[in-house]
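Per chain, numbering begins at 1; letters A, B, ... match sequence-line order.
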Protein chains: 2
Amino acid sequence: MRVVIAECSVDYEGALVAHLPLATRLLMVKADGSVLVHSDGGSYKPLNWMAPPCSMTELDPDEAEREEGVQAVWLVRHGKREDTLRIRLYAVHSDTAHELGVDPGLVKDGVEAQLQALLAEHITTLGEGYTLLRREYPTAIGPVDILCKDADSGTVAVEIKRRGDIDGVEQLTRYLELLNRDPALTVRGPVQGVFAAQLIRPQARTLAVDRGIRCVTLDYEALRGMDDAESRLF
Amino acid sequence: MRVVIAECSVDYEGALVAHLPLATRLLMVKADGSVLVHSDGGSYKPLNWMAPPCSMTELDPDEAEREEGVQAVWLVRHGKREDTLRIRLYAVHSDTAHELGVDPGLVKDGVEAQLQALLAEHITTLGEGYTLLRREYPTAIGPVDILCKDADSGTVAVEIKRRGDIDGVEQLTRYLELLNRDPALTVRGPVQGVFAAQLIRPQARTLAVDRGIRCVTLDYEALRGMDDAESRLF
DNA sequence: GTGTGGATTTCGCGT
DNA sequence: ACGCGAAGTCCACAC
């Protein structure tokens, strides 16, 4: 990895056209050729970048550029798309390279999958007498997170989100529409919908209620607590 | 901005739990205190990070850590949430700091707003005799990108996307439902929907057609070309 | 401040 | 490879 601190201006042309005026920034050139332009603030997102696969060529500045004080020009081209990143270097404060090697990568734990597993395990959180049919119940337009039965053997489809947005309600609505065409699932009446999330946004709740979908707020800590209490019994 | 190349392991606890095994990585500490952990590949996204506002404390390793070869521990805490990032440094290869100053920021051009402006200007792209009513037509659930009339004075609502996904079709469907409750707009029949995008995904197209929404693929270059040809006339 | 929609989104999974 | 859904999404703009 090459790390350069330099006064530079940047021009990107591809999906959009973007320009960065002259300022001091950090330039990162990764082993795969990708280039990142970072400022000293903002978030983890660079001001500008070129995604791999791509290649970088160092050009000599032309006459006009030289007069303006440009010392070097980096031309970064994407391997497949018509994307170019042109970095004009006016002053290089630091230029170093380091051998990093391949990264073993991130180990994650505790996202939507975890919520789904916990809720499936403690399906009675949704109501007395609920029983799990299956997780990831397949339909033509995608898998339903959880399919279960209520105390009266009525079918219930559950959509789980970390944050409950309108999109999630729409998604569940499409599933319900499809599931309700299956006679085997509707023997005890139409399939009910449950929208379960750690946080349900007001507009999403309104839409859900309007469509007869029940909203359930999930307490991740409480679910995990149940799990722990259970495991301590064995 | 502080830039450190070091052998390190990283543990994040917050919205999720994540761990990075020991490896050589680049650590970036920005002026606002945010910390980025980058590997020598991937995209612009760091392997792990802490978003501002946050504060970093350098701790001495405890006994167990010292035995394992840990030289220093960075504890990064988020200012508002219960998020912590713990970076254990085993060997520091480089540690430098640079004054970058405030960045003037990115100047953008050519995204959805541009597409909308171009299509509004050349509304007959949608059909002979079409006339623009207005852009960003306000409704209770948000603005409709373009509202126009067809040759028979029927109202047409247009949703514009760079990439046409199912979400966009749902969005337009909600708008149409609302617009069709307005008698003033439905004098010449129900409001028609047009889903316009540079690329329309098959599933989105299927859903749109199923709902009687017309799909139009936008040619950004062609629209811009019309614009140029027009401006040359004046 | 909060909520909503877009993104040069990126990432990962399943077909 | 492609399509689709999630993300510790981030970010700007409207209310």
Step by step, would you call Leu126(A) with Arg214(A) a side chain to side chain contact (heavy atoms under 4.5 Å, CB included)?
CA-CA 10 Å; Leu126(A) 298 182; Arg214(A) 183 154 69 97; 4.2 Å; yes

Salt bridge (Lys or Arg N to Asp or Glu O under 4.0 Å), that's the test. Do Glu121(A) and Arg135(A) meet it? Break it down for me.
CA-CA 10 Å; Glu121(A) 214 166 330; Arg135(A) 288 167 56 186; over 6 Å; no

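Taking atom CG on Leu36(B) and atom C1' on dT10(C), their separation rounds to 15 Å, with Å as the unit. The separation between Gln198(B) atom CD and dA7(C) atom P is 10 Å, rounded to whole Å. Regarding Asp167(A), its CG atom lies at a distance of 10 Å from the P atom of dG5(D), rounded to whole Å. Atom NZ in Lys45(A) sits roughly 14 Å away from atom C1' in dC11(C) (whole-Å rounding). When rounded to the nearest whole Å, the span between CG of Asp145(B) and C1' of dG5(C) equals 10 Å. If you take CZ of Arg205(A) and C1' of dT2(C), they are 17 Å apart, rounded to a whole angstrom. Summarising the geometry, the separation between CG on Asp165(B) and P on dC2(D) is reported as 16 Å, rounded to the nearest angstrom. Distance, Trp49(B) CH2 to dA7(D) P: 12 Å, rounded to whole Å.
One finds the OG1 atom of Thr217(B) at 5.0 Å from the CZ atom of Arg205(B) (value rounded to the nearest 0.5 Å).
Using a 4.0 Å heavy-atom distance criterion, Ala18(B) is classed as making no nucleic acid contact. Using a 4.0 Å heavy-atom distance criterion, Arg163(B) is classed as a sugar-phosphate-only contact. Heavy atoms of Met50(B) sit under 4.0 angstrom from at least one base atom. Nucleic acid contact class of Tyr12(A) (heavy atoms, under 4.0 Å, all strands): base.
Mapped onto DNA chain D by nearest heavy atom, Leu85(B) and Ser43(A) fall at different nucleotides, with Leu85(B) at the one closer to the 5' end. Of the two residues near DNA chain C, Ala204(A) and Lys80(B), the one whose nearest nucleotide lies more 5' is Lys80(B). Nearest-nucleotide positions on DNA chain C for Ile166(A) and Leu47(A) put Ile166(A) closer to the 5' end.
No option in Leu147(A), Leu179(A), Leu185(A), Val194(A) other than Val194(A) meets the side chain to side chain contact (heavy atoms under 4.5 Å, CB included) test with Val156(A).
The side chain of Lys161(A) lies closest to dA6(D) when the candidates are dC11(C), dG6(C), dA6(D). Here dG5(C) is the nucleotide among dC10(D), dG6(C), dG5(C) with the atom lying nearest to any side-chain atom of Arg174(B).
Note on Asp11(B) versus Arg88(B): salt bridge recorded, some NZ/NE/NH1/NH2 to OD/OE distance being below 4.0 Å.
The phosphate of dT4(C) has neither OP1 nor OP2 within less than 4.0 Å of any side-chain N or O from Gln171(B).
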